[in-house]
Amino acid sequence: MVLSDRTAIVTGASRGIGRAIALSLAKAGADVVVNYARNDTAAAEVADLIRAEGRRALLFKADVAAPEAAEALIKAAQSEFGRVDILVNNAGINRDNLVLRMKDEDWDAVLSVNLKGAFNCARAAARAMVKNQYGRIINISSVVGLTGNFGQANYAAAKAGLLGLTKALAKELCSRNITVNAVAPGFINTEMTAGLPEKVTEKLLAQIPMKRFGEPEDVAGLVVFLATDAAAYITGQTIAADGGMTCM
Ligand code: NAP
């Protein structure tokens with residue numbers, strides 16, 4: 001139980017990668033706040049599974065893009081568990097379109113949730129972590145933030161922005177024993193990728209040396225590692241979990 005006595009907040013933990021991260025952190029011994037935006041039933045199921053591991057779980061519905069909602073999320077974690085040790089900024093959306101057709105509202109929505117949401121939660125959590133002189137902040141970026149992608153200017157900009165945020169936060173917070181790192185998943189089997197046309201999937205598979213999409217657990221294992229004391233000297237880094245996609 002490498003994370004026993006640790007508490008974690010995972011944003012967007014009702015489904016996909018966030019769900020796997022929340023469950024893996026609980027399996028490693030952490031109590032977990034399950035944040036989500038809409039899907040009450042799926043989030044409640046994740047909380048039940050965490051409790052079945054013998055850990056505490058708190059459900060907290062909040063739109064991370066709203067600063068006051070992010071503040072309330074961190075406050076709820078503090079009052080329920082007494083402290084905030086680990087924050088995983090995982091909540092994300094995509095609204096894909098070519099730049100020439102992209103609507104302002106689709107640009108704004110993706111930047112608001114993926115980038116501002118992470119800033120909102122990190123700022124609120126860092127205030128709590130500074131008091132405890134301990135913290136782990138892990139931002140879920142994407143290989144698309146490293147390489148760009150057709151039809152994803154908003155998403156690529158948000159995910160690349162997260163890498164800058166990660167490095168700046170790492171430098172500001174390292175003297176307080178708080179590390180900040182980013183994880184860049186490749187293409188992972190979740191609802192976000194379920195609707196990809198077969199031709200696009202085939203093209204993507206051709207770019208992945210391991211010749212398969214990842215599973216949410218492939219990302220969760222890396223996040224758990226970054227949350228442990230084994231990763232105490234790692235900060236400001238971006239680590240890809242992408243089946244070799246970005247090593248080409
Ligand atoms: P997903 O299956 O679509 O799940 C998204 C999660 O985010 C859900 O729990 C959703 O909650 C939550 N969420 C959405 N908007 C939110 C908001 N405003 N406030 C709080 N929670 C919100 O996505 P995923 O594929 O697991 O992706 C998780 C993260 O990994 C995202 O940041 C994504 O960009 C990144 N990523 C994914 C892939 C991939 O291939 N899947 C690759 C690279 C990076 P509800 O259920 O309540 O809607």
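FYI, the numbering just counts along the sequence from 1. Both ligands and their constituent atoms are indexed starting at 1 by order of listing.
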Q | Proximal candidate to atom 41 (N) of ligand 1 [heavy atom criterion; set V46, T190, D63] | A | T190
Q: Check ligand 1 against N90 and write out every atom of the ligand that is under 4.0 Å from a heavy-atom position of the residue.
A: 28 (C), 29 (C), 30 (O), 31 (C), 32 (O)
Q. If you count the atoms of ligand 1 from 1 in the order shown, which ones are under 4.0 Å from a heavy atom of A62?
A. 19 (N), 20 (C)
Q) Which part of K61 is near ligand 1, with near meaning a heavy atom under 4.0 Å away: side chain, backbone, both or neither? A) neither
Q: Give a yes or no on whether the backbone of A42 and the side-chain of R15 come within a donor-acceptor separation of less than 3.5 Å.
A: no
**Q.** Interfacing atoms of ligand 1 (cut-off 4.0 Å, heavy-atom, I93)
**A.** 14 (C), 15 (N)
Q | Side chain, backbone, both or neither: V144 near ligand 1, heavy atoms under 4.0 Å | A | neither
Q) Counting heavy atoms only, which of I188, D40, V88 is nearest atom 40 (O) of ligand 1? A) I188
**Q.** Proximity to ligand 1 by part of V113, non-hydrogen separation under 4.0 Å
**A.** side chain
Q: Classify the contact between Y155 and ligand 1 as side chain, backbone, both or neither, using a heavy-atom distance cut-off of under 4.0 Å.
A: side chain
Q | ILVMFWY network linking L87 to I50, side-chain heavy atoms under 4.5 angstrom | A | no
(Q) Tell me the contacting part of A43 for ligand 1: side chain, backbone, both, or neither, using a 4.0 Å heavy-atom threshold, strictly below. (A) neither
(Q) I'd like the name of whichever of G92, G186, A184 reaches closest to atom 42 (C) of ligand 1 through any heavy atom. (A) G186
Q. For ligand 1, is any non-hydrogen atom under 4.0 Å from T193's backbone (N, CA, C, O), its side chain (CB onward), both, or neither?
A. side chain
